[in-house]
Amino acid sequence: MRELNYTKIGSRIRQVRKAKGWSQDKLARKCEISMSFLGHIERGTRIMSLETFVSICSALDANADELLWGTAHASNAVLDLWQPKEAGKGQDKDTDSYSMYVRIMKSVAEIMNEA
């Protein structure tokens with residue numbers, strides 16, 4: 001099983017945040033966490049909850065695999081969620097936080113099973 005490197009995860013979060021031109025304060029407000037806690041997350045000195053990680057992914061519109069591991073891994077379970085429900089009919093991205101949580105959990109579980 002691969003071990004999470006919180007310093008690298010935090011660095012990736014910082015990189016995506018800066019690429020969007022956002023301050024720590026702006027991302028912290030969007031995620032409903034303190035700017036101090038976000039600073040700790042970005043430095044890898046504090047471990048965030050899964051709920052906070054989901055909130056950061058959502059706010060940044062970032063792929064969980066990219067933030068966790070530095071690369072995106074296509075997951076069949078996640079891809080199935082994006083497939084059309086009926087032939088010929090597309091499905092819009094579901095931005096509902098619960099659905100995002102489910103997608104992230106499936107993706108993380110699949111990655112952990114691969115290691």
Side-chain angles (χ1 to χ4, degrees):
M1 178 185 295
R2 292 194 297 183
E3 196 170 309
L4 293 173
N5 182 325
Y6 294 100
T7 302
K8 288 183 179 180
I9 293 168
S11 177
R12 291 181 198 113
I13 290 169
R14 178 184 298 117
Q15 184 179 21
V16 173
R17 174 182 59 78
K18 286 186 172 189
K20 289 186 170 291
W22 292 1
S23 66
Q24 280 186 332
D25 184 55
K26 181 173 182 171
L27 179 57
R29 280 186 279 117
K30 286 182 173 284
C31 296
E32 298 180 352
I33 60 175
S34 72
M35 193 171 72
S36 172
F37 183 48
L38 179 60
H40 280 287
I41 291 169
E42 288 186 350
R43 289 187 302 278
T45 56
R46 299 245 333 251
I47 297 172
M48 67 193 124
S49 69
L50 182 58
E51 183 177 78
T52 299
F53 180 68
V54 169
S55 181
I56 290 171
C57 288
S58 180
L60 292 173
D61 194 28
N63 181 294
D65 283 344
E66 291 175 0
L67 293 181
L68 288 172
W69 311 112
T71 58
H73 299 281
S75 162
N76 289 337
V78 173
L79 293 175
D80 288 345
L81 293 172
W82 298 94
Q83 296 300 315
K85 290 183 179 179
E86 298 175 34
K89 291 187 179 180
Q91 180 179 355
D92 291 334
K93 283 186 178 179
D94 184 8
T95 57
D96 176 75
S97 61
Y98 178 77
S99 294
M100 179 173 284
Y101 171 80
V102 170
R103 289 192 304 271
I104 290 170
M105 288 304 298
K106 285 182 178 181
S107 181
V108 169
E110 194 168 283
I111 289 168
M112 297 306 224
N113 287 332
E114 288 175 2

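Any value given below was found using the heavy atoms of this structure, including those in side chains, with hydrogens, waters and symmetry copies removed. Quick caveat, the model's predicted, so the values are computed rather than measured.
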Minimum heavy-atom distance [X]-[Y], with the two atoms named:
{"X": "Leu68", "Y": "Phe53", "answer": "CG-CZ, 3.7 Å"}
{"X": "Glu3", "Y": "Trp69", "answer": "O-CZ3, 3.9 Å"}
{"X": "Leu67", "Y": "Cys57", "answer": "CD1-SG, 3.8 Å"}
{"X": "Gln24", "Y": "Leu38", "answer": "O-CD2, 3.2 Å"}

Test of understanding: with side-chain hydrogen bond (donor to acceptor under 3.5 Å, both in side chains), list the residues that count as partners of Asn5, not counting sequence neighbours.
none
Set of residues satisfying side-chain hydrogen bond (donor to acceptor under 3.5 Å, both in side chains) with respect to Ser55, sequence neighbours excluded:
none
Kindly compute the distance separating [atom1] ([X]) from [atom2] ([Y]), expressed to the nearest 0.5 Å.
{"X": "Met48", "Y": "Ile9", "atom1": "CE", "atom2": "CD1", "answer": "5.5 Å"}
{"X": "Tyr6", "Y": "Ile47", "atom1": "OH", "atom2": "CD1", "answer": "4.5 Å"}
{"X": "Glu42", "Y": "Met35", "atom1": "CD", "atom2": "CE", "answer": "10.5 Å"}

Run the numbers on Val16 and Arg12 for side chain to side chain contact (heavy atoms under 4.5 Å, CB included), then give the verdict.
CA-CA 6 Å; Val16 173; Arg12 291 181 198 113; 5.6 Å; no
Would you find more than 12 non-hydrogen atoms of other residues, nucleotides or ligands less than 6.0 Å from Lys20 atom NZ?
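Yes, NZ of Lys20 has more than 12 neighbouring heavy atoms, counting only those of other groups under 6.0 Å.
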Test item: Arg17 side-chain N/O and Ile13 main-chain N/O as donor-acceptor pair under 3.5 Å:
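Looks like no, no N/O pair under 3.5 Å.
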Derivation and outcome, side chain to side chain contact (heavy atoms under 4.5 Å, CB included), residues Arg46 and Thr52
CA-CA 12 Å; Arg46 299 245 333 251; Thr52 299; over 6 Å; no
